[in-house]
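Atoms within each ligand, like the ligands themselves, are counted from 1 in listed order.
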Amino acid sequence: MQAWVVDTPGPIDGGPLRRLERPLPEPGPAQIRVRVSCCGVCRTDLHLAEGDLPPRRPGVTPGHEVVGRVEAVGAGAQRFALGERVGVAWLGRTDGSCRFCRRGDENVCTSPEFTGWDIDGGYADRCLVDERYAYALPETVSDEQAAPLLCAGIIGYRALRCADVPPGGRLGIYGFGGSAHLTAQLALAQGMRVHVFTRGEHNRRLARELGADSVGAAADPSPEPLDGAILFAPAGDLVPVALRALDRGATLAVAGIWLSAIPPLDYAGELFQERRLRSVTANTRQDGAEFLRLAGRLGIRATTVEYPMADAPAALADLAHGRFGGAAVLHN
Ligand SMILES: [Zn+2]
Ligand SMILES: [Zn+2]
């Protein structure tokens, strides 16, 4: 089978990915082998290819928004039938025994394994997944539509809960790519007022089309104080900007796995009055299952751009240069 691997991490335009012929992987105990139909492109894949995220294993295959069908099962795997459609997401395995797993916070497990970072992911013809970490997908959602839900959607859902906006409250969204455009739909469906701050005309147009209450440039002041905000852009210099936009007692949740340096904060203007700054780290399987059910029920629609699997580097380069709005999906 063919698989993309991160060869030597570096700038995406320098070609850090290589496509290799690999033997078909055999599922081990509790694993299933998935024939990949499509795989979403997440900014994390770009951070990995460019070396912002240190490689956890040389020659790993990226991709953690995988939709495909069960092709083979390992010993003891019985959750899914052969041919059944499944989703493979970022959280690939946890130890189930650390103090965080035991209290239900497996997203901060002390020895997790992630798809497309530790475990080979979906930029390939096939991938393996521990069946306990795979998702059943809502039948009403196509393969292409399901892919971005698996990371962009799930992480956005967790970030929205972390931002802790009361019903009908005012949410700020900083950066408007794959995850933000799904999260905005969820927030609007829940009756929030949504203010979007982003660079790039593609992104601003998409935000307006989805019904955002206001759309401005990334560092614009908010038209009204925010009850909560999510920073999706990997730009640390927006942290003080977003904190200043918060109302008293409100929370800024940083959704990304990587953020550029945060400038010094001004305590009086940016943190005092019980403003909170927090990160969002991965997700629990419960977050994933809840979000997928909601997305199916609420009809959350990803705006997608299709690429053949052979063009994975071009998709990542287009993401890096902001050449599309919404989410890219690679197809086999
Ligand atoms: Zn754990
Ligand atoms: Zn991701």
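- Looking at every heavy atom in both residues, L150 comes nearest to G87 through CD1-CA, 3.8 Å.
- A salt bridge links R170 to D247: at least one charged side-chain nitrogen sits closer than 4.0 Å to a carboxylate oxygen.
- Not a single salt bridge (charged side-chain N to carboxylate O under 4.0 Å, His left out) links R297 to another residue, sequence neighbours left out.
- The set of protein atoms (N, O or S) found at less than 2.8 Å from the Zn ion (ligand 2) reads C42 SG, H64 NE2, C151 SG, by chain and number.
- Excluding waters, the protein N/O/S atoms found under 2.8 Å from the Zn ion (ligand 1) are D95 OD1, C98 SG, C101 SG, C109 SG.
- Nearest heavy atom pair, residue E131 against residue Q78, reads OE1-N, 3.1 Å.
- Side-chain atoms of N203 do not come within 3.5 Å of backbone N or O of G200 as any donor-acceptor pair.
- A heavy-atom distance below 4.5 Å is not found between the side chains of L298 and Q185.
- Between the R275 side chain and the F272 main chain, a donor and an acceptor come within less than 3.5 Å of each other.
- Here W4 pairs with nothing under the ring pair (Phe, Tyr, Trp, His ring centres under 6.0 Å) rule; sequence neighbours left out.
- Looking at T44, D45, T115 one by one, the single match for side chain to side chain donor-acceptor pair (under 3.5 Å) with H64 turns out to be D45.
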